[in-house]
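These notes concern the structure reproduced below.
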2 protein chains.
Amino acid sequence: MARQSNIQPKHSEFVGRFRHLGLRVTPARLLVMEALSAHGGHMTAEEIMQWTSARYPAINLATIYRTLDLLTSMGLVTQTDLGSGASSYELVGDTLHHHLVCQQCGAVMEVDDAALTLVRERLLRDYGFRADPGHMAIFGTCKGCLDASHHTIASATQR
Amino acid sequence: MARQSNIQPKHSEFVGRFRHLGLRVTPARLLVMEALSAHGGHMTAEEIMQWTSARYPAINLATIYRTLDLLTSMGLVTQTDLGSGASSYELVGDTLHHHLVCQQCGAVMEVDDAALTLVRERLLRDYGFRADPGHMAIFGTCKGCLDASHHTIASATQR
DNA sequence: ATCGCTGCAAAAGTTTTGCAGTCGC
DNA sequence: GCGACTGCAAAACTTTTGCAGCGAT
C-alpha cells in the first residue's frame, strides 16, 4: 500500500497551468481540478467537496467555493445553473456539449455542440457576444414530459 | 384620489385564464400576474414581492413562491436562472426573446427569438426536446468584456 | 360548508464573509 | 518573511414547509 499520492503537486498536469497564470499551487486547487477532470460531467460544489475530502479531509466547503470562483474567473471552469438549487461546475476543455434542462421532470440532457455552432457564430456576428462553447443552458420540455402534457391538456378542464 | 383598484378581481384580464384552468381566483395570484405583466422583463421573487406588497401589504414571500411554482407548472410563467443567485420569472406570451448572460460583468442582453428558431426546430427534431420559445439562457462573454479580456490575455503573465 | 389558499414562523439548503493561522513562493 | 490561501464559524440569502385560520366557490 504505497502512500504514493499525498497530493504530489509536481506530478499533476495542472501545476503548469496554475504557474502559467501566476497562481499559487495549493492542494485545494489541484484537487478541485482533479475532481472535475475525473468526474467528466458537471458537479455541484457539494459533490466536489465529497470527492476531494475523501483524499484530503481537512478541506473546507468555503475553500471549494472560493477556488471555483477563482477558476471560473480564470476561464478554467464554467459555472451553470441547471435549476437544481445548486450551481454546477464543469471543466473547460471537456467534450463540448450543452444542456437541455427539462422544467417538468428536471432531467438534464446533453446536446452535441455541433448542432449549435451556427447559433454561436450568429450571436458573435450580430451581438458581439461570445457564447461559451460548452456552456449553454436551454430550458424546455423533454420528449417524455411532452407526451405526458398532451394528455393533461386534452383533459385540462377536469382538474 | 379614487380608491379605484382595491384588487378588483372581476376586472383583471387574468381572471378568465385562471377560471379556465380550474384555479381559484385570488388576490395573490392576480397580483403576481399583474406584476409580471406590468414589468415586462424578468423579475425575481423579491422584486415581485415589492411590487405586489405596495398595493396589498399583507402578501407574503412564501405565497409569491408558491404562486410562481403553480403558474410555472401551468405554463403561464417561465422560470430561469440568470446566475444572480435568485431565479428570474417571466410571463409566457411576452415578446419572444432569449437571454445572453455575460459571466464577466453579469449583464443580461436579450436576443430576438427569430435568430434562434432554427435551433429550436433542430432540438425538437433530433432530441424530441421542445425548447421554451422565450426562454433560453446562453452564458458567455459580452462584447465589452471580450475586448477587456483581450488586454488581460496580452499581459497575463504580469499578474 | 368545504377545501384550497395564505400568512406567519421556522427550517433547510446554498453561498459568502471575517478572522486568525498556515503555507507557498 | 511576506502575502496569499485556508479552515472554522457565523452570517446572509433564497427557497421550502408545517400549521392554523381565512376565503373563494
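Quick note on labels: first sequence line is chain A, next is B, and so on, each numbered from 1.
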Roughly, in whole Å, what's the span from [atom1] in [X] to [atom2] in [N]?
X: Leu68(B); N: dT6(C); atom1: CG; atom2: P; result: 11 Å
X: Arg29(A); N: dC23(C); atom1: CZ; atom2: P; result: 15 Å
X: Leu31(A); N: dT6(D); atom1: CG; atom2: P; result: 11 Å
X: Glu47(A); N: dT14(C); atom1: CD; atom2: C1'; result: 14 Å
X: Ile48(B); N: dT14(D); atom1: CD1; atom2: C1'; result: 14 Å
X: Asp69(A); N: dT15(C); atom1: CG; atom2: P; result: 10 Å
X: Gln79(A); N: dT15(C); atom1: CD; atom2: P; result: 8 Å
X: Glu46(B); N: dT15(D); atom1: CD; atom2: P; result: 10 Å

Check the pair Cys142(A) / Tyr127(B) against side chain to side chain contact (heavy atoms under 4.5 Å, CB included), numbers first and verdict last.
CA-CA 8 Å; Cys142(A) 73; Tyr127(B) 295 84; over 6 Å; no
As an exercise, state the distance from NZ of Lys143(A) to SG of Cys102(A), rounded to the nearest 0.5 Å.
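Taking NZ in Lys143(A) and SG in Cys102(A), the distance rounds to 13.0 Å.
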Value rounded to 0.5 Å, distance of CD1 in Ile138(A) from CG in Leu123(B)
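Rounded to the nearest 0.5 Å, the CD1-CG separation comes out at 5.0 Å.
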If you check the [X] side chain, which of [options] turns out closest?
X: Ala86(B); options: dT6(C), dT15(D), dC25(C); answer: dT15(D)
X: Thr26(A); options: dT14(C), dG7(C), dC5(D); answer: dC5(D)
X: Asn60(A); options: dC8(D), dC23(C), dG4(C); answer: dC8(D)
X: Ala45(A); options: dG7(C), dT15(C), dT6(D); answer: dT15(C)
X: Ala58(B); options: dG7(C), dT16(D), dT6(C); answer: dG7(C)

With heavy atoms under 4.0 Å as the rule, sort Leu61(B) into base, sugar-phosphate or nothing.
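If one applies the 4.0 Å heavy-atom cut-off, Leu61(B) turns out to touch a base.
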Just call it for Ser87(A): base, sugar-phosphate, or nothing, with non-hydrogen atoms closer than 4.0 Å on any strand.
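Since only primed, P, OP1 and OP2 atoms lie under 4.0 Å of Ser87(A), the category is sugar-phosphate.
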State whether [X] places a side-chain N or O below 4.0 Å from either non-bridging phosphate oxygen (OP1 or OP2) of [N].
X: Arg19(B); N: dA24(D); answer: no
X: Arg24(B); N: dC3(C); answer: no
X: Tyr65(B); N: dT15(D); answer: yes

Should Tyr56(B) and Met43(B) be counted in the same cluster of Ile, Leu, Val, Met, Phe, Trp and Tyr side chains packed under 4.5 Å apart?
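Same cluster: Tyr56(B) reaches Met43(B) through Ile, Leu, Val, Met, Phe, Trp or Tyr contacts under 4.5 Å.
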With DNA chain D as reference, determine whether Gly85(B) or Ala62(B) sits nearer its 5' end, using the nearest nucleotide of each.
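It is Gly85(B) whose nearest nucleotide is closer to the 5' end.
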Is the backbone N or O of Ile59(B) less than 3.5 Å from a side-chain atom of Thr63(B), with the two atoms forming a donor-acceptor pair by type?
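No, because the side chain of Thr63(B) does not come within donor-acceptor range (under 3.5 Å) of the backbone of Ile59(B).
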Please confirm whether any donor atom in the side chain of Arg66(B) sits under 3.5 Å from an acceptor in the base of dG4(C), or the reverse.
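Not at all, since no donor on one side and acceptor on the other fall under 3.5 Å apart.
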